Amino acid sequence: MDIEMLAKILSIVERAMIIIALVIFSIYLLIGILKGWKKTCVRLAFLGATVLITMLFTVLTVKAFEPTLETIVLNTLNQNVTADVAGQINDAVSVSPTLYHYVYSLVLSLVSPIVFVILFLVLSLIMKIPAVFMNKLVLKVTEGKLDKPLFNRLMGGVLGLVCAFSVTACLFMPITGYIGVGFEIFDTLQEEQIIKINESDQEIVDEIDKFANSKFVKYQSFASKPLFSGVSKVRTNYESKTINEEVDTIIAIYKDVMVVVKNDYSDITKINLDDIKTLVDTATEREVYKQIFAEVLSNASTKWANNEAVFGFNVKQSIDADLHSTLDILLEDFKNTDKDTVKADIYELATTFEVFVDVVVSLQGMQFNDVTNIDTTQFNETIDIVETSEKVQKIVAELLLAGATKWDNNEPFLGLNILENVPEDFHGALKAVFSELKSTSSETVCNDLRAFTNAVDVLTDLSGSVESIDFADYKTFNTANLDELIQKIDSDNLVKKVVAALLKDAGNAWGDDPAREFLGINVKESLPEGFENALDKNLEDFKTTNERTVINDLQRFSDTVKAYKYAISLTDPEASMDDLEENVNNFVNSINQNNVDILKDTITDEMLSISGIETENSPILGDILSTTIQNISTLPDGQKDAEADALNNLLAYAKEHQTIEGGTVSSSVTEEELVDSIVVSSALSDAVKSYSEYSTATIKTSEEEKSSIESALSKYQGTTDENVSSTVSAIEKLFGLGG
């Protein structure tokens, strides 16, 4: 609108109001003077009654014609608003009947002042009829009282002015009321920076402000403000508030809504839950808003779940697509919210979301690119919180289901691709984890989360354990952490599956391709010369391991590595006699059913040769030692010390009684000690006695010597030196020792 035209219109309105007011004041002053104070007093009383009745009738009229007024308002809106506004009106109708009727109540509250003026004029005419009769009654009752002419006229004039004041306040109330409320709202919107106006709009505002602040309009605004507030109250099923009160609350809610809507939902870690809580607190202070909020959430949930916008806001388009299935669960819960539960539901959502974000942040914080350094401490702390809420468990279960599916397909989920960050050797193990998580539920999610963290911990520890074993240097072997891992693995079925998958991949890698590295090492290439095939049986077992056999397979591997370490120690030609005794002790005590076959294969001619025991009858010594190992594996731990002592004496005696450049080294083991230890032993004694291939030895053992050995070992009780000497002689000949 042209600013000059607006100024003229406002000037005309102001002059018209002044003229009308002057006419009304003149008429009522004149009537008051002419009629006297009694009739004017009756007129004033009926005027007050008319105002009260008009206010009542205004409410009833607006209520009675509400459907008609509603149609008029809707038609007007449809013809004069933009498509966006029309869409929001339709949203209001569909998602919250209370919101729609509330907005309509606001419109009706603005129509009410006009209805009031119309009814006031009509009722003022009607009320003149009873006023006539009342005048006659008052004149009759007060006849002769206070009838002094001057007082009567003056008081009549004063009361006439009061009547005029009341009438002008009623007639001008819509104009001054709309302007007053409009400017209060406008100022608030500007202060809150909800609206900004350009220079041309400011000129219009200034012109209206000039009109509103003119002395006459300000006077009339002061006079009619209480009446406008009473007539224009916004009435709902829950309460009645003035327009100003409603607008202040609406603006506060609008601000909070805009803050929430403008949140960066694409990154859930940046969502400010305090903003949402502030909105909830503001929007649930009054019953009507609480009802609206509940209806919007419950009804909008269906639209949002279907990827539709409500009030221009589409939740699914605002958040990461990976979270859509999780969001559907939340929306499903909100479908049943009501005004009594809405605040608690929102607060529960905030709490749920905080834990949910913690889970996501914990996952994203794990350094999967360095498996040996993954820290699951924070994740375990988060699980403790997840356990406290069924709703959180439901949400996190959906998160794991969606994430596991994506990760299993080597796709990113919430920006994290685990397989892409983890060395390929761990892919099989992690796929076992994902396979398990695909079947998680709200009832099992906490256990599954703990199993997941345990699996990650085990992978970390197992990786570190394998890397710490230097197969080329038996002296540095440390299998204690392997035993600890076995105990941890045995406590959880998922961990068993994960480790089984890892071992299966390791078995295939190390067993099929001699040059293949797995977890950064190549077992076969790392083993000392002569022992390249020592772990073949374990690797074959790994190829077929599963969650039912993995504990036994891993324990067998651990036992084998231990015994293998001591078996290699026996081959050290530089070892002293003390070292040999310690190594034999450790070796014997490490023998069990898990590693007996591997150790039997390890004690070969080549091993004896490496250890410095090389005789003409080495094959026989190797065979007897192999049989001894088999016998030892069946003994309880308490009976192995005697076997270690006997085996140590035999190896020491064998090592020291070889023919070396025409002579023998001095002996640290006497003949009596050798025979005594063999007799006391069970496994070695039985191996020597039951050996049937004496005749195949390079140096033949006669039947008499064979009988002497068997008899001595069976009946020997520390008898004569001659018995000892003949038995030792026969043993030396059997093993090809001495000269």
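Only a predicted model underlies this, so the values are computations on that prediction, with no experimental measurement involved.
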Are side-chain heavy atoms of [X] and [Y] found at a separation under 4.5 Å?
{"X": "Val342", "Y": "Phe334", "answer": "no"}
{"X": "Val495", "Y": "Val498", "answer": "no"}
{"X": "Leu419", "Y": "Leu430", "answer": "yes"}
{"X": "Asn546", "Y": "Val550", "answer": "no"}
{"X": "Asp505", "Y": "Asp425", "answer": "no"}
{"X": "Ser633", "Y": "Asn592", "answer": "no"}
{"X": "Ile418", "Y": "Phe434", "answer": "yes"}
{"X": "Arg548", "Y": "Lys496", "answer": "no"}

Look up atom [atom1] in [X] and atom [atom2] in [Y], then write down how far apart they are to the nearest 0.5 Å.
{"X": "Ile329", "Y": "Ile395", "atom1": "CD1", "atom2": "CD1", "value": "4.5 Å"}
{"X": "Phe542", "Y": "Thr549", "atom1": "CZ", "atom2": "OG1", "value": "10.0 Å"}
{"X": "Asp448", "Y": "Leu400", "atom1": "CG", "atom2": "CG", "value": "7.5 Å"}
{"X": "Asn447", "Y": "Glu443", "atom1": "CG", "atom2": "CD", "value": "11.0 Å"}
{"X": "Glu436", "Y": "Asn493", "atom1": "CD", "atom2": "CG", "value": "6.5 Å"}
{"X": "Asp322", "Y": "Leu399", "atom1": "CG", "atom2": "CG", "value": "9.5 Å"}

Hey, does the side chain of [X] reach the backbone of [Y] with a donor-acceptor pair shorter than 3.5 angstrom?
{"X": "Thr341", "Y": "Asp338", "value": "yes"}
{"X": "Lys431", "Y": "Asp408", "value": "yes"}
{"X": "Thr405", "Y": "Leu401", "value": "yes"}
{"X": "Lys316", "Y": "Ala305", "value": "yes"}
{"X": "Asn306", "Y": "Glu308", "value": "no"}
{"X": "Gln393", "Y": "Glu387", "value": "yes"}
{"X": "Thr444", "Y": "Thr440", "value": "no"}

request  = State whether the number of non-hydrogen atoms from other residues, nucleotides or ligands found under 6.0 Å of Gln593 atom CD is greater than 12.
outcome  =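 Enclosed.
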inquiry  = Please check if the number of heavy atoms outside Glu287 that lie under 6.0 Å from its CD is greater than 12.
reply    =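 Atom CD in Glu287 is packed in, count exceeds 12.
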Residue pair Ala309 / Lys303: nearest heavy atoms and the distance that separates them =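 So the minimum-distance heavy-atom pair works out to O-CD, 4.5 Å.
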task = Work out which heavy atom in Ala432 is nearest to a heavy atom in Ala501; give both atom names and the distance.
result =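 Where Ala432 meets Ala501 most closely, the heavy atoms are CB-CB, 4.2 Å.
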Side chain to side chain donor-acceptor pair (under 3.5 Å) partners of Glu295, counting only residues at least two apart =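 So Glu295 forms a side chain to side chain donor-acceptor pair (under 3.5 Å) with Ser96, Thr98, Gln291.
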task = Check step by step if side chain to side chain contact (heavy atoms under 4.5 Å, CB included) holds for Thr337 and Phe293.
result = CA-CA 10 Å; Thr337 194; Phe293 207 50; over 6 Å; no
request  = Report the C-alpha separation of Leu503 and Leu554 in whole Å, then their side-chain angles, then the decisive distance to 0.1 Å, and conclude whether the side chain to side chain contact (heavy atoms under 4.5 Å, CB included) test is met.
outcome  = CA-CA 8 Å; Leu503 292 182; Leu554 196 56; 3.9 Å; yes
request  = Indicate yes or no: does Asp281 engage Lys343 in a salt bridge with an N to O separation below 4.0 Å.
outcome  =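 Salt bridge between Asp281 and Lys343, a charged N being under 4.0 Å from a carboxylate O: yes.
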message = Could you check whether Asp553 pairs with Lys504 (Lys NZ or Arg NE/NH1/NH2 to Asp/Glu carboxylate O, under 4.0 Å)?
response =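 Salt bridge absent between Asp553 and Lys504.
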task = Tell me, with the steps shown, if Glu398 and Ser325 meet side-chain hydrogen bond (donor to acceptor under 3.5 Å, both in side chains).
result = CA-CA 7 Å; Glu398 184 60 33; Ser325 59; 3.0 Å; yes
